[in-house]
Asks: 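I am attaching a structure below and will ask some questions about it afterwards.
These figures come from a predicted structure and were not determined experimentally. Worth knowing before you read on, the calculation uses all heavy atoms, side chains too, and leaves out hydrogens, waters and symmetry mates.
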Amino acid sequence: MSLKQYIRKDQEFLIYLRGSRDWERYEPGRHGPPDSIRRGYVVAYPNGEILAETLEDADNPPPGTHYIEATGGRRGEAMSRCAGDARVEIRHESSAYHTSDQYYCTRIRNSGEIPFKVRRFAAFGRNFWRYRLGTISNSWFTAEQFRNWFNLGTEWLAPGGGAADRDNYGLGDGYWVFEVEFATGEVVAVQSRLPVPGHRL
């Protein structure tokens, strides 16, 4: 996805441009239209976690930003059986921002009558006869990462409410697993099959 697409996307990001000496926070009125920008850049979520950057700037990110870090779980952790829950709807669809089928949009929706929040989530891929944790950080992603990636301004998803990660990736024989807590205190794990390479969503 190009810098101009991030700038025009209806989602909050921290966007930095490479200056002559240091990083500059992007300002529309100061830096001109997105099509005219020809500099190195870093795009980060509001919590400072880096989403995209120009390769030459990967070793020198702006102050206050950081790359994804391990947050818990065990490397190679096996996936537990998920019973599923009709109150939590997860589906994948084509991304409006990417032409490559490596990327897709993942939506989660509260189809029940009780608010819930996502406590953590992760992708699991097949490893011989079992499905094992296979994320970029070798750990579960956190509730904060869920809110940032799914562009959710609140902790709880109300009945009928939904959220979407429109830059999701990860294909093949595996699952996304979301650990969900309802307002009643009940905790369930819900899984959704990863999209299959080359399969039209």
Asks: Do Val190 and Phe121 make a side-chain contact, defined as non-hydrogen atoms from C-beta onward lying under 4.5 Å apart?
Replies: no

Asks: From Thr142 OG1 over to Glu49 CD, what is the distance, rounded to the nearest 0.5 angstrom?
Replies: 7.5 Å

Asks: Are any side-chain N or O atoms of Ser192 and backbone N or O atoms of Arg91, one a donor and one an acceptor, separated by less than 3.5 Å?
Replies: no

Asks: How close do Pro159 and Gly112 get, heavy atom to heavy atom, and via which atoms?
Replies: CB-O, 3.3 Å

Asks: Applying side chain to side chain contact (heavy atoms under 4.5 Å, CB included) to Leu152 and Lys117, what does each step give before you reach the verdict?
Replies: CA-CA 11 Å; Leu152 187 63; Lys117 63 182 178 181; over 6 Å; no

Asks: Please find the pair of heavy atoms, one from Val177 and one from Ala189, that lie closest to each other, and give the distance.
Replies: CG1-CB, 4.3 Å

Asks: Hey, does the side chain of His92 reach the backbone of Arg193 with a donor-acceptor pair shorter than 3.5 angstrom?
Replies: yes

Asks: At their closest point, which heavy atom of Phe178 faces which heavy atom of Val118, and how far apart are they?
Replies: CD2-CG1, 4.2 Å

Asks: Starting from Trp156, can I reach Phe150 by hopping between I/L/V/M/F/W/Y residues whose side chains sit under 4.5 Å apart?
Replies: no

Asks: Nearest 0.5 Å, what's the CD-OG1 distance between Gln145 and Thr135?
Replies: 9.0 Å

Asks: Name all residues meeting the ring pair (Phe, Tyr, Trp, His ring centres under 6.0 Å) criterion together with Tyr16; count only those two or more places apart in sequence or in a different chain, and write none if there are none.
Replies: none

Asks: Do Trp149 and Asn168 come within less than 4.5 Å of each other through their side chains, counting heavy atoms only?
Replies: no

Asks: If I take atom CD from residue Glu179 and atom CD from residue Gln191, how far apart are they, to the nearest 0.5 angstrom?
Replies: 13.5 Å

Asks: Strictly below 4.0 Å, N to O, side chains only: are Arg107 and Asp165 in salt-bridge contact?
Replies: no

Asks: So, for Ala164 and Cys105, which heavy atoms are closest and what is the spacing to 0.1 Å?
Replies: CB-SG, 4.0 Å

Asks: Testing Val42, Leu14, Val43, Leu17 for side chain to side chain contact (heavy atoms under 4.5 Å, CB included) with Tyr26, which one passes?
Replies: Leu17

Asks: Does Tyr67 share a hydrophobic cluster with Trp23, counting links as ILVMFWY side-chain heavy atoms below 4.5 Å and allowing steps through other members?
Replies: yes

Asks: Give, for atom CG of Leu51 and atom CD of Gln11, the distance between the pair rounded to the nearest 0.5 Å.
Replies: 8.0 Å

Asks: Ring of Phe116, cation from Arg87 - is the NZ or CZ under 6.0 Å from the centre and inside 45° of the axis?
Replies: no

Asks: For the CG atom of Asn138 and the CD1 atom of Ile68, what is their distance to the nearest 0.5 Å?
Replies: 10.5 Å

Asks: With distance as the sole criterion, is a donor-acceptor pair present between the side chains of Tyr45 and Glu144 under 3.5 Å?
Replies: no

Asks: Over 60° means perpendicular and under 30° means parallel, so classify the ring planes of Phe13 and Tyr6, tilted if in between.
Replies: perpendicular

Asks: Given the rule that I, L, V, M, F, W and Y join up when any side-chain heavy atoms are under 4.5 Å apart, are Val180 and Ile114 in one cluster?
Replies: yes

Asks: As an exercise, state the distance from OH of Tyr169 to CD1 of Ile136, rounded to the nearest 0.5 Å.
Replies: 4.0 Å

Asks: Looking only at non-hydrogen atoms, find the nearest pair between Leu194 and Phe124 and report the distance.
Replies: CD1-O, 4.3 Å

Asks: Mind listing the closest non-hydrogen atom pair of Ala122 and Leu133 along with its distance?
Replies: CB-CD1, 4.4 Å

Asks: Asn47 versus Arg147: any side-chain heavy-atom pair under 4.5 Å?
Replies: no

Asks: Could you tell me whether the side chain of Ile90 reaches within less than 4.5 Å of the side chain of Arg109, counting heavy atoms only?
Replies: no

Asks: Could you walk me through whether Arg166 and Thr106 pass the side chain to side chain contact (heavy atoms under 4.5 Å, CB included) test, one step at a time?
Replies: CA-CA 6 Å; Arg166 292 172 290 178; Thr106 296; over 6 Å; no

